[in-house]
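Inspection log for the structure reproduced underneath, given as structure tokens.
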Number of protein chains: 2
Amino acid sequence: MPTGAISSLTLNRLSLYLRCLRRLREEGLSTVSSLTLADRFHLSAAQIRKDLAQFGEFGIRGVGYDVNKLTDRLSGLLGLDRTHSILLVGAGNLGSALARFLSFEDRSFRVVAAIDSDPKKIGTEIGEVPIHGPAELQTVVRNTGAEIAVLAVPTDEAQEIYDRVIEAGIRSVLNFAPVRLARDPDVPTKSVDLRIFLEELGYQLQARQVATDAAT
Amino acid sequence: MPTGAISSLTLNRLSLYLRCLRRLREEGLSTVSSLTLADRFHLSAAQIRKDLAQFGEFGIRGVGYDVNKLTDRLSGLLGLDRTHSILLVGAGNLGSALARFLSFEDRSFRVVAAIDSDPKKIGTEIGEVPIHGPAELQTVVRNTGAEIAVLAVPTDEAQEIYDRVIEAGIRSVLNFAPVRLARDPDVPTKSVDLRIFLEELGYQLQARQVATDAAT
DNA sequence: CCATGTGAACAAATTCACAGCA
DNA sequence: TGCTGTGAATTTGTTCACATGG
């Protein structure tokens, strides 16, 4: 019963649960209760139940959840039971690393091609991934059937490139450039700003500093 | 008036505002209203005001905020007015990319050293960053004064390494391994699982698919 | 009897709407 | 007049506690 839209928060937890379940499956466990799962991975049992209950009754009262069934259900829900093709845009440091990192996935995601404007890079490869020039964008999207664009491009170019990959037929975007994009409402778009994570830690360190100073 | 703890959500927005303000400063703007800021960067004006008001009255009614003053205030708050030294742990694909990526910051963060267990890497450098062996962990932390550890290590090793860097005197951790760490309550710790972002997009694509299928 | 599924209580975050000040 | 700062209203998310069913 996939009623309304699932919140991003919930969705992220589902990914997490899935990861935990896979682990348990490897360990040969066939059944798990919300409490066990919570204890084992530092989660909240009530929340696990709430989250899972959104999609119908999957547990067996008095017993728990069937690890295999639940794994499959969550995989399906997140669309991980098929392969998504990724187009990497920007083959610099971060881009190249992402190309390798995101591919070694369990076949749910695969980087199929890259675009970069540097003439020295065009025609070469990152791992097995061929690098094309910006002019070929449309052709590459068509030929590879890439659905997701991963943007690892300079800040000032991000918006323009965003618009262009959508124009070229990309269905969703994961953006690593630190800009607030003007989004296309029809294209699921997610932005990740790696600096923000550091800055949050910066604040925490700062705050402790102030606290200890005051304590003396 | 930094009353209570600031939530992670708020903190992340503050980073964002700061980035926007820097941009405006470059453009020569000296004053900006919450509404302008919101329009320009697709944010919420009310939220900007709420967020900023937590730290005292910074705006001028009828006018807006002083770009320079606010920039400085936010920098200070986030601890960006001094340099934080980062120790990179794990110099694989992702690690190496992060070393370069996180360093080109505005001097608020600098990767000062890396640790890797691969004997072939020990003694070499990523960019300007020297790679040390795990045995030197404690010494390196002491000598460099590194405050933040960035973990880009295999999943199964992450927990052990987490415990060890803290043992070695690291003050906060940014973890890229896809595990729920058992955290030290005294050490600000942030985990980033890059796959989760992709999986969220996977869901959105999946959901659209289902929706369009049903519509036919 | 035991763990799920869930309504009700609670908490957090966001948005609204406007009083108050430059 | 125009925009901030803020209580109050609303929405969203989490936790509690227990009735329900295998």
Side-chain angles (χ1 to χ4, degrees), chain A residues 1-17 20-21 24 29-71 73-74 77 180 196 200 203, chain B residues 1-17 20-21 24 29-71 73-74 77 180 196 200 203:
Chain A
M1 208 195 260
T3 337
I6 307 173
S7 84
S8 184
L9 252 24
T10 306
L11 228 34
N12 292 353
R13 280 195 301 268
L14 294 180
S15 287
L16 198 61
Y17 301 158
C20 298
L21 287 164
L24 295 178
L29 217 50
S30 67
T31 246
V32 70
S33 75
S34 58
L35 196 69
T36 313
L37 204 52
D39 282 354
R40 181 76 196 288
F41 299 101
H42 319 105
L43 304 163
S44 142
Q47 187 146 64
I48 291 171
R49 293 202 297 276
K50 258 267 151 78
D51 286 339
L52 297 180
Q54 284 183 67
F55 314 106
E57 312 209 346
F58 265 84
I60 304 158
R61 295 178 194 229
V63 180
Y65 300 90
D66 181 297
V67 174
N68 280 311
K69 251 201 249 172
L70 194 55
T71 306
R73 184 75 177 88
L74 289 181
L77 221 119
R180 291 282 296 185
I196 282 186
E200 192 177 336
Y203 167 77
Chain B
M1 208 195 259
T3 337
I6 307 173
S7 85
S8 185
L9 252 25
T10 306
L11 229 32
N12 292 352
R13 281 194 303 268
L14 294 180
S15 288
L16 199 60
Y17 301 159
C20 299
L21 287 165
L24 295 179
L29 217 51
S30 67
T31 246
V32 69
S33 75
S34 59
L35 197 70
T36 313
L37 204 54
D39 282 355
R40 180 77 197 289
F41 299 102
H42 320 104
L43 303 163
S44 142
Q47 187 147 66
I48 292 171
R49 294 201 298 277
K50 259 268 150 79
D51 286 340
L52 297 181
Q54 283 183 65
F55 314 108
E57 311 210 348
F58 266 84
I60 303 161
R61 291 171 197 233
V63 180
Y65 300 90
D66 180 295
V67 174
N68 280 311
K69 250 201 250 175
L70 194 55
T71 306
R73 184 76 177 88
L74 289 180
L77 220 122
R180 291 281 297 184
I196 283 185
E200 194 178 333
Y203 167 78

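Here is the naming used below: chain letters follow the sequence lines, and residue numbers restart at 1 for every chain. Computation of the quantities below employed the complete heavy-atom set of this structure, encompassing side-chain atoms and omitting hydrogens, waters and symmetry-equivalent molecules. Remember, predicted model here, so these are calculated numbers, not experimental data.
- As a whole-Å value, the separation of Leu52(A) CG from dT4(C) P is 9 Å.
- At a cut-off of 3.5 angstrom, the base of dT20(D) holds at least one donor-acceptor pair with the side chain of Arg61(A).
- Residues Phe55(B) and Leu14(B) form a side-chain contact, since some pair of their non-hydrogen atoms from C-beta on lies under 4.5 Å apart.
- Rounded to an integer number of Å, the gap from Ile48(A) CD1 to dT15(D) C1' is 13 Å.
- One interatomic measurement links the two molecules: CD of Gln47(B) to C1' of dT15(C), which rounds to 9 Å at whole-angstrom precision.
- Atom CG of Leu37(B) is separated from atom P of dG2(D) by 20 Å (rounded to the nearest Å).
- The shortest distance between the side-chain N/O atoms of Tyr65(B) and the OP1/OP2 oxygens of dG5(D) is below 4.0 Å.
- The interatomic distance linking Asn12(A) (CG) with dG13(D) (P) rounds to 12 Å, in whole Å.
- Nucleotide dT15(D) holds its P atom 11 Å from the CG atom of Leu43(A), rounded to whole Å.
- Inter-residue side-chain proximity for Thr71(B) and Asp66(B) is flagged as unmet; no heavy-atom pair is nearer than 4.5 Å.
- Taking only side-chain nitrogens and oxygens, Ser44(A) comes nearer than 4.0 Å to OP1 or OP2 of dT15(D).
- Distance CG (Leu35(A)) to C1' (dC16(D)): 14 Å, rounded to an integer number of Å.
- Under 4.0 angstrom from either OP1 or OP2 of dT4(C) there lies at least one side-chain N or O belonging to Arg49(A).
- Within 4.0 Å of Leu9(A), counting heavy atoms only, lie sugar-phosphate atoms of the nucleic acid but no base atom.
- Where Lys50(A) and Gly64(A) meet DNA chain C, the nucleotide closest to each residue was compared, and Gly64(A) sits on the side nearer the 5' end.
- Residues in residues 37-46 of chain A take part in these side-chain hydrogen bond (donor to acceptor under 3.5 Å, both in side chains) pairs, two or more places apart or across chains: Glu27(A)-Arg40(A).
- The distance between atom CD1 of Ile6(A) and atom P of dT12(D), rounded to the nearest whole Å, is 15 Å.
- Nearer the 5' end of DNA chain D, as judged by each residue's closest nucleotide, is the contact made by Val32(B), out of Ala46(A) and Val32(B).
- Residue Ser34(A) has its side chain nearest to dT4(C) when only dT14(C), dT6(C), dT4(C) are considered.
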Between Ser15(B) and Glu200(A), does the side-chain hydrogen bond (donor to acceptor under 3.5 Å, both in side chains) criterion hold? Intermediate values first, please.
CA-CA 8 Å; Ser15(B) 288; Glu200(A) 192 177 336; over 6 Å; no
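- Across all strands, Ser7(B) comes closer than 4.0 Å only to sugar-phosphate atoms, never to a base (heavy-atom distances).
- If Ser8(A) and Ile60(A) are placed on DNA chain D by their nearest nucleotide, the residue sitting closer to the 5' end is Ser8(A).
- Between Leu24(B) and Phe41(B), some side-chain heavy-atom pair lies under the 4.5 Å cut-off.
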